[in-house]
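Down below is the structure, laid out as structure tokens.
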Amino acid sequence: MEIKIIKTTAPKAKPADETKLGFGKVFSDHMFIMEYDTGMGWHDARVVPYGDITLSPAAMVLHYGQEIFEGLKAYRTPNGDIQFFRPEENFKRLNSSAERLVIPQIPVEDALQALHTLVEVDKDWVPHTDGASLYIRPFIFAADPFLGVRPGDKYYFIIICSPSGAYYASGLNPVDIYVETKYVRAVKGGMGYTKTGGNYAASLAGQDEAHKQNYSQVLWLDGIERKYIEEVGAMNIFFIIDGEVVTPELQGSILPGITRKSVLELCRKWGMKVSERRISADEVAEAYKAGKLQEVFGSGTAAVISPVGHLKYGDLVMEINGNKIGEISQKLYDTMTGMQYGKLPDEMGWIVPLKK
Ligand SMILES: *Cc1c(COP(=O)(O)O)cnc(C)c1O
């Protein structure tokens with residue numbers, strides 16, 4: 001694929017204090033754009049200065065939500081090199097989301113080329129501070145000016161980059177979550193396994209309610225029986241019960257996280273008992289009461305591993321591992337972040353260096 005590069009003539013100042021970056025607020029100097037038109041396919045791949053885009057107010061995405069996205073990071077190693085963590089997995093998943101939302105797919109090789117080309121142009125935007133990274137957001141949306149309901153004929157694939165601070169500025173603090181019993185996020189047969197804005201829109205009311213009650217997130221149950229645990233909405237969920245690592249199986253309503261997959265692969269490599277299966281909130285509560293619930297943690301690109309300190313289910317508030325990060329959670333976090341930041345050898349073949 002040929003990518004045209006038009007560099008900015010007005011580069012922005014890099015953030016002075018990388019410890020104050022937060023998440024998703026600052027954007028790098030450039031973005032990648034490619035367009036799709038029915039009959040032409042994907043065309044006009046280019047890296048251009050970061051800036052606003054113009055859209056018709058009738059653009060289909062604004063009305064019917066035909067949109068998908070990905071999230072990954074570029075990490076800086078101690079010797080200054082830049083690398084990615086399993087980026088091909090993100091673009092395979094983008095295509096799986098595309099298929100479900102009737103969006104034209106992009107060859108993984110082309111998407112990877114776009115990623116490498118953009119990050120090479122903006123490489124000085126990859127933070128140097130420990131734990132900080134360049135968050136990368138690829139997305140595709142339908143842009144035809146048309147109010148009828150049908151798949152689009154015109155799409156944009158854009159990648160933007162946002163230098164972001166360490167997720168855990170003050171150590172791995174456990175989060176408090178509760179089991180959501182009023183709302184559901186996704187159902188089997190729907191779009192739960194895709195990264196699409198609509199799933200997040202569906203989650204906002206529950207999220208809002210959780211914040212009002214001083215919980216950071218909700219744990220979603222299946223939409224049919226309202227019994228089985230699904231995920232946390234931007235993270236997959238793991239339980240360690242009596243030495244067994246348990247996570248809900250992928251059955252269509254859960255997002256197949258790349259961190260989830262990596263956790264499973266590491267735990268299997270370490271010889272642990274690992275199960276992907278249905279697990280009900282009642283089973284978790286029973287394990288807790290029997291003193292067998294050892295660790296609970298979320299997994300996702302942003303936090304990598306997020307220990308759960310308190311888990312509320314109805315009137316029962318479970319304090320997990322004395323509200324402290326567990327041994328396995330810590331080992332997973334150290335191993336994965338060690339590889340991502342180039343401080344541990346990549347024994348799994350997960351690291352992809354930036355092509356120069
Ligand atoms: C992105 C996402 C995750 C985590 O996936 P990773 O690939 O590990 O970052 C989990 N759940 C939902 C709903 C997500 O959108």
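Keep in mind the model is a prediction, meaning the values are calculated, not measured. Below, all heavy atoms of this structure are taken into account, side chains as well, without hydrogens, waters or symmetry copies. For ligands, and for the atoms within them, numbers begin at 1 and follow the listed sequence.
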### Query
Just which atoms of ligand 1 are under 4.0 Å from any heavy atom in M235?
10 (C), 11 (N)
### Query
Atoms of ligand 1 less than 4.0 Å from R93 heavy atoms?
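So the answer, numbered in order with elements, is 5 (O), 6 (P), 7 (O).
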#### Entry: NZ-OG1 distance between K312 and T181, expressed to the nearest 0.5 angstrom
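Separation between the atoms: 8.0 Å.
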### Query
atom 3 (C) of ligand 1: which of G71, G257, G300, A234 has the nearest heavy atom?
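Residue with the shortest heavy-atom distance to the ligand atom: A234.
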With a 4.0 Å cut-off, would you call [X] and [Y] a salt bridge?
X: D17; Y: K20; value: yes
X: R86; Y: E265; value: yes
X: R268; Y: E276; value: yes

Nearest protein heavy atom to [atom], by residue and atom, and its distance?
atom: atom 11 (N) of ligand 1; result: E231 OE1, 2.5 Å
atom: atom 8 (O) of ligand 1; result: T259 OG1, 2.6 Å
atom: atom 13 (C) of ligand 1; result: G233 O, 2.8 Å
atom: atom 1 (C) of ligand 1; result: K195 NZ, 1.3 Å

### Message
So, regarding F69 and ligand 1 (criterion: nitrogen or oxygen to nitrogen or oxygen, under 3.5 Å), is there a contact or not?
### Response
no
### Message
Can you confirm, on distance only, whether ligand 1 has an N/O atom lying under 3.5 Å from any N/O atom belonging to Y200?
### Response
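Yes.
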### Query
Is there a path of hydrophobic side-chain contacts, each under 4.5 Å between heavy atoms of I, L, V, M, F, W or Y residues, that connects I136 with F157?
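The answer is yes; both residues are in one hydrophobic cluster.
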### Residue portion contacting ligand 1 (non-hydrogen atoms closer than 4.0 Å) for T301
both
### Message
Does only the side chain of R185 get under 4.0 Å from ligand 1, or the backbone, or both, or neither? Count heavy atoms.
### Response
side chain
### Query
What is the ring orientation for F27 with Y50, classed by angle as parallel under 30°, tilted 30 to 60°, or perpendicular over 60°?
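Parallel: the ring planes of F27 and Y50 meet at under 30°.
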### Query
Mind checking whether F238 and F297 have parallel, tilted or perpendicular rings, split at 30° and 60°?
parallel
### Residue pair Y183 / R185, side-chain donor-acceptor N/O under 3.5 Å
no
